[in-house]
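In this text the structure is predicted, and so the values were computed from the model without any measurement.
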Amino acid sequence: MFKMTPTIMRNFVGKRATRRYPAVVRPPFENARGEIYNDIQVCTFCGVCAVKCPSQCIAVDKKLATWSCDPSACVYCGVCAESCPAGSLQQKRDYRRAVREKEMIFLKGEIKKEVAAS
Ligand code: SF4
Ligand code: SF4
């Protein structure tokens, strides 16, 4: 009991360890793995991110030039962004805001013309 007393006193007089999220948001840590972002103008719809994603939350359709993601299934591992050969997929430092309903990210780009070999 005497061993715990300093900790108990510190907790009584110290600042709260919790925040009133989402009203109060803590700034992300350095190198934090946050929300993913795809620059659809740069994306080549190769599908590498969809294959690599351990949560299987990315879907790519090369013929329709669409890229979609279910952010509620994302575990923010960053594998997709690290393996994107075009560099269009990035991972922000900011975390995704709390939402009341499930939202899908759906992006439509343009079908890229194959560059003819010379
Ligand atoms: S890996 Fe990159 S370029 Fe390929 S489909 Fe995914 S986001 Fe697009
Ligand atoms: S960060 Fe990880 S879980 Fe989220 S979409 Fe990318 S590969 Fe999938």
Q: For a quick test of reading the model, state the closest non-hydrogen atom pair linking Cys84 to Leu89 and the distance between them.
A: SG-N, 3.6 Å
Q: Give the cluster check for Val75 versus Val79: same hydrophobic cluster or not, with ILVMFWY residues linked at side-chain heavy-atom distances below 4.5 Å.
A: no
Q: Calculate, to the nearest 0.5 Å, the distance between atoms OH and CD belonging to Tyr37 and Gln90 respectively.
A: 8.5 Å
Q: Just wondering, are more than 12 heavy atoms of other shown residues or ligands nearer than 6.0 Å to CZ in Phe106?
A: yes
Q: Step by step, work out the side-chain contact (heavy atoms from CB on, under 4.5 Å) result for Cys69 and Cys57.
A: CA-CA 5 Å; Cys69 176; Cys57 58; 4.3 Å; yes
Q: Quick one: closest heavy-atom pair of Tyr95 and Arg33, and the distance?
A: CE2-O, 3.7 Å
Q: Does any N or O in the side chain of Tyr21 come within less than 3.5 Å of the main-chain N or O of Ala98, such that one atom is a donor and the other an acceptor?
A: yes
Q: Is the backbone of Pro28 close enough, under 3.5 Å, to the side chain of Arg93 for a donor and an acceptor to pair up by distance?
A: yes
Q: Side chains of Ile40 and Phe45: closer than 4.5 Å at any heavy-atom pair?
A: yes
Q: Side-chain contact, heavy-atom cut-off 4.5 Å: Ile111 with Lys63?
A: no
Q: Can any side-chain N or O of Lys108 pair as donor or acceptor with the backbone N or O of Trp67 at less than 3.5 Å?
A: no
Q: When you measure from the side chain of Gln56 to the backbone N and O of Cys53, does any donor-acceptor pair fall under 3.5 Å?
A: no
Q: So does Cys49 get a backbone contact from the side chain of Ser83, meaning a donor-acceptor N/O pair under 3.5 Å?
A: no
Q: Compare every heavy atom of Lys3 with every heavy atom of Pro6, then report the nearest pair and how far apart it is.
A: CD-O, 3.4 Å
Q: Please check: side-chain N/O of Gln91 versus main-chain N/O of Gly34, any donor-acceptor pairing under 3.5 Å?
A: yes
Q: Nearest heavy-atom pair of Glu103 and Pro71: which atoms, and what distance?
A: O-CD, 3.1 Å
Q: Please give me the minimum heavy-atom distance between Glu35 and Tyr76, naming the atom from each residue.
A: CA-CE2, 3.8 Å
Q: Verify side chain to side chain donor-acceptor pair (under 3.5 Å) between Thr66 and Asp61, making sure each step is shown before the conclusion.
A: CA-CA 5 Å; Thr66 58; Asp61 190 320; 4.9 Å; no
Q: Quick one: pull up CZ in Arg96 and SG in Cys74 and give me the separation to the nearest 0.5 Å.
A: 8.0 Å
Q: Quick check: do Cys80 and Ile36 have side-chain heavy atoms less than 4.5 Å from each other?
A: yes
Q: Here's a test for you: under side-chain hydrogen bond (donor to acceptor under 3.5 Å, both in side chains), which of Asp39, Asn38, Thr44 qualifies with Ser88?
A: Asn38
